[in-house]
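Comments concern the structure below.
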Amino acid sequence: MGNLFGKNKVLTAVFISGRGTNLKKLIQFSKTKNSPIKISLIVSNNFKAEGLKYSLKYKIKKYVLAINDTKFEDKVLKNLKINKIKFICLAGFMKILSKKFIKNFNGKIINIHPSLLPKYKGLNTHEKVIKNKEKYTGCTVHYVNYKLDSGKIILQKKIKILKKDTPKSIKKRVLSVEHQTYYKAILKIFSVI
Ligand code: GRF
């Protein structure tokens, strides 16, 4: 498949901090013929991240560092370089990346966020959506820039909020929509050229 980066699948790292359900879906997608990316590294700032099990299951390298490691970014950047990583998907990665880090991967880092950005940046989106009596919510895949949850939007998927919804029920439904949206956003990016 031809894409922005040439003929071969783009070597990609997924950054996680927790459960990793988006990671799992991205791995499954990356194994399909249609996928422009190959996930060859999982990075985490949490040794206990549940999603790290997919490293073993799918035989993908992992690189885990403590969140308070003062050299976190330098070490990760070095590791990404060694592994020839050209594209990064953040999937529940709970650490804000510095300008310097982002500059190193300018336009090559994307994130998934559980709200219809620009609304409800940051944490606890589902609680806020209910509190503000929104009619709709959803998820957004966007480029990562220097401001939190503010980069250019690649793809959004909207769902209707039901009367009986709670933050918990919305979270569940949004998550399942996330799983269908993240890979579509990747297809969208790489079919630009
Ligand atoms: C997702 O809701 C994602 O939008 C947010 O963090 C959550 C990660 O879930 N950034 P999982 O680890 O992929 O299951």
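Keep in mind that what you see is a predicted model, and the values were worked out from it rather than measured. The first residue in the sequence is number 1, and the count goes up from there. One-based numbering, in listed order, for ligands and for the atoms of each.
- A distance-only check finds no donor-acceptor pair linking the side chain of K62 to the backbone of S44 [under 3.5 Å].
- The nearest heavy-atom contact from the protein to atom 6 (O) of ligand 1 is G92 CA, 3.4 Å.
- Scanning all protein heavy atoms for the shortest distance to atom 10 (N) of ligand 1 gives I112 O, 3.1 Å.
- Within a 6.0 Å radius of NZ in K128, more than 12 heavy atoms belonging to other residues, nucleotides or ligands are found.
- In the hydrophobic clustering (ILVMFWY side chains linked at under 4.5 Å, chained through shared members), L116 is joined by Y136.
- For the pair G20 and ligand 1, a heavy-atom separation below 4.0 Å is found.
- At a 4.0 Å heavy-atom cut-off, ligand 1 does not touch K171 at all.
- Y63 and N83 share no donor-acceptor pair across their side chains, judged by distance under 3.5 Å alone.
- The protein heavy-atom contact nearest to atom 9 (O) of ligand 1 is R19 NH2, 2.9 Å.
- Here the protein heavy atom with the shortest distance to atom 2 (O) of ligand 1 is E178 OE2, 2.9 Å.
- Put simply, the side chain of T125 never gets that close to the backbone of S115: no donor and acceptor are under 3.5 Å apart.
- With respect to D74 and K100, a salt bridge is recorded, a charged nitrogen being found less than 4.0 Å from a carboxylate O.
- Distance from atom 14 (O) of ligand 1 to its nearest protein heavy atom, with residue and atom name: T21 OG1, 2.5 Å.
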